[in-house]
Amino acid sequence: MPFGLCNAPATFQSLMNAVLRPFLRRFVLVFFDDILIYSATWADHLRHLRAVLSMLRQHQLFVKRAKCAFGVSSVSYLGHVISAEGVAMDPAKVQAIHDWPAPRSARAVRGFLGLAGYYRKFVHNYSSVAAPLTARYKSEHLHPAGLLLPLPVPHGVWTDIGLDFVEALPRVGGKSVILTVVDRFIKYCHFIPLAHPYSAESVAQAFFTDIVRLHGVPQSMVSDCDPFFTSTFWRELMRLMGAKLHMTTAFHPQSDGQSEAANPARQGDAVTTPGAGVELGLGSG
């Protein structure tokens with residue numbers, strides 16, 4: 001393997017795949033410098049072996065005799081023993097798992113699970129057997145980020161909404177921003193194109209035109225901590241409308257996750273219809 005080369009393992013694996021491509025999965029498997037040649041008969045094996053060695057020589061690749069085993073009925077390969085009977089666990093690896101010291105730290109638990117998990121296909125109900133250790137490992141590494149206070153569950157259509165912005169989109173018709181408005185109850189969305197830079201007044205006008213005109217004034221609104229929403233003008237506007245503005249952190253799963261989740265669907269579309277807002281119905285999943 002060419003050490004010092006960037007991405008040397010991937011480069012070498014790609015080389016071996018290219019060199020042995022005519023034989024792969026016919027009678028050859030290769031993983032880096034581990035080449036496995038398998039045959040149904042002794043005559044086939046000699047022919048396969050000659051073809052592989054000739055191909056390696058043709059590409060100026062050489063094998064070390066001390067690391068090779070020829071004409072054997074079983075061989076250890078990548079932690080398994082392969083023979084005419086099929087694939088089995090390597091006894092040496094099984095013994096290593098058996099002799100593994102009792103884990104006394106999260107790092108040791110992770111190491112043991114990594115080794116034991118390599119043979120999970122050979123262990124009946126492995127997930128159930130390993131569940132206590134997995135739970136212990138997670139409990140030591142996953143800590144609560146803090147008390148999360150979910151918003152009240154909405155009970156009416158277009159009474160509780162979520163708002164968010166998608167910015168830095170290609171400019172179409174002078175507009176490069178999309179205001180996302182989501183009904184938290186039925187998951188229905190409006191996508192309203194805006195010009196950048198936008199102001200509190202321009203967004204409020206677009207909101208009244210595309211939302212209030214169709215659905216009336218909502219009882220509450222959810223938004224992240226965008227500086228725009230923290231402006232005194234917006235707070236006063238919400239007060240005059242009789243609506244509440246719930247401030248949250250960006251991408252908060254308990255709050256504006258619905259409007260955040262709706263954004264990727266529009267980012268790929270850019271601003272294709274810079275006139276009226278676009279509507280989209282989302283499933284509850």
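Residue numbers run from 1 in the order of the sequence given. A quick note: this is a predicted structure, and the numbers were derived from the prediction, not measured.
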Asker: Report the relative orientation of the aromatic rings in H45 and W42; use parallel for angles under 30°, tilted for 30 to 60°, perpendicular for over 60°.
Answerer: tilted
Asker: According to a 4.5 Å side-chain heavy-atom criterion applied to Ile, Leu, Val, Met, Phe, Trp and Tyr, with indirect links allowed, do F70 and L46 form part of one hydrophobic cluster?
Answerer: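 No.
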Asker: Measuring from atom CG of L15 to atom NE2 of H59, what distance do you get when rounded to the nearest 0.5 angstrom?
Answerer: 8.0 Å
Asker: A side-chain contact here means heavy atoms from C-beta on lying under 4.5 Å apart; do V52 and F27 qualify?
Answerer: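 Yes, at least one pair of side-chain atoms sits under 4.5 Å.
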Asker: Quick one: do the R47 and S39 side chains pair a donor with an acceptor below 3.5 Å?
Answerer: no
Asker: Relative to each other, are the rings of Y119 and H80 parallel, tilted or perpendicular (30° and 60° limits)?
Answerer: perpendicular
Asker: Got F31 and L78 here, is their nearest side-chain heavy-atom distance under 4.5 Å?
Answerer: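 The answer is yes; the side chains approach within 4.5 Å.
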Asker: Between H48 and D44 (side chain of the first, backbone of the second, donor and acceptor by atom type, cut-off under 3.5 Å), is there such a pair?
Answerer: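 Yes; judged by distance alone, with no hydrogens or angles, the pair exists.
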Asker: Evaluate the side-chain proximity of S14 to F12: yes if any heavy-atom separation is below 4.5 Å, no if none is.
Answerer: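 F12 vs S14: side chains apart.
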Asker: Indicate the atoms forming the closest heavy-atom contact of L214 with D210, along with that distance.
Answerer: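 Heavy atoms only, the tightest pair is CD1-O, 3.3 Å.
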Asker: To the nearest 0.5 Å, what is the distance between CD (Q60) and CZ (F62)?
Answerer: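 One gets 6.0 Å once the value is rounded to the nearest 0.5 Å.
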Asker: Are side-chain heavy atoms of D99 and Q95 found at a separation under 4.5 Å?
Answerer: yes
Asker: Might you work through the side chain to side chain contact (heavy atoms under 4.5 Å, CB included) test for D90 and Y118, ending with a clear yes or no?
Answerer: CA-CA 11 Å; D90 188 335; Y118 190 71; over 6 Å; no
Asker: With a 3.5 Å cut-off and no angle check, do the side chains of D160 and S220 form a donor-acceptor pair?
Answerer: yes
Asker: Is there a donor-acceptor contact under 3.5 Å from the side chain of E167 to the main chain of V177?
Answerer: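 Absent.
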Asker: Does any part of the side chain of Y77, heavy atoms only, come nearer than 4.5 Å to the side chain of L29, both counted from C-beta?
Answerer: yes
Asker: Run the numbers on S54 and Q58 for side chain to side chain donor-acceptor pair (under 3.5 Å), then give the verdict.
Answerer: CA-CA 6 Å; S54 297; Q58 179 181 337; over 6 Å; no
Asker: Just verifying a value: how many Å separate H190 NE2 and L163 CG, rounded to the nearest 0.5 Å?
Answerer: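 H190 atom NE2 to L163 atom CG measures 11.5 Å (nearest 0.5 Å).
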Asker: How long is the gap from CG on L20 to CZ on F23, to the nearest 0.5 Å?
Answerer: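 So the gap between those two atoms works out to 7.0 Å.
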Asker: Is there a path from V72 to V28 through hydrophobic residues (I, L, V, M, F, W, Y) whose side chains come within less than 4.5 Å of each other?
Answerer: yes
Asker: Which pair of non-hydrogen atoms, one from V75 and one from L36, has the smallest distance, and what is that distance?
Answerer: CG1-CD1, 3.6 Å
Asker: W100 and A108: which non-hydrogen atoms are nearest, and at how many Å?
Answerer: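 For W100 versus A108, the nearest heavy atoms are NE1-O, 4.3 Å.
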Asker: Determine, using the 4.5 Å side-chain heavy-atom cutoff (strictly less than), whether V181 and V157 are members of one ILVMFWY cluster.
Answerer: yes
Asker: Once rounded to the nearest 0.5 Å, what's the spacing between atom CD1 of I161 and atom CD1 of I211?
Answerer: 6.5 Å
Asker: Give a yes or no on whether I37 and V81 share a hydrophobic cluster (residues Ile, Leu, Val, Met, Phe, Trp, Tyr; joining criterion: side-chain heavy atoms under 4.5 Å apart).
Answerer: no
Asker: Enter the distance from L194:CG to I178:CD1 here, rounded to the nearest 0.5 Å.
Answerer: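 Interatomic distance, L194 CG to I178 CD1, rounded to 0.5 Å: 9.0 Å.
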Asker: Do Y126 and V109 share a hydrophobic cluster, counting only Ile, Leu, Val, Met, Phe, Trp and Tyr and linking them when any side-chain heavy atoms are less than 4.5 Å apart?
Answerer: yes
Asker: With side chain to side chain contact (heavy atoms under 4.5 Å, CB included) as the criterion, how do V222 and R184 come out once you've worked through the C-alpha distance, each side chain's angles and the decisive distance to 0.1 Å?
Answerer: CA-CA 9 Å; V222 182; R184 296 179 51 235; 3.8 Å; yes
Asker: Would you find a donor on one side and an acceptor on the other, under 3.5 Å apart, between the side chain of R26 and the backbone of P22?
Answerer: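 Indeed, once roles are kept as given, a pair shorter than 3.5 Å links the two residues.
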Asker: Specify the closest pair of heavy atoms between R171 and G174, including all atoms of both residues, with the distance to one decimal.
Answerer: NH1-O, 3.2 Å
Asker: List the steps, then state whether side chain to side chain contact (heavy atoms under 4.5 Å, CB included) holds for W158 with I186.
Answerer: CA-CA 8 Å; W158 288 104; I186 61 174; 4.2 Å; yes
Asker: Starting from the C-alpha separation in whole Å, work towards a yes-or-no answer on side chain to side chain contact (heavy atoms under 4.5 Å, CB included) for M16 and L56.
Answerer: CA-CA 9 Å; M16 297 302 294; L56 293 176; 4.3 Å; yes
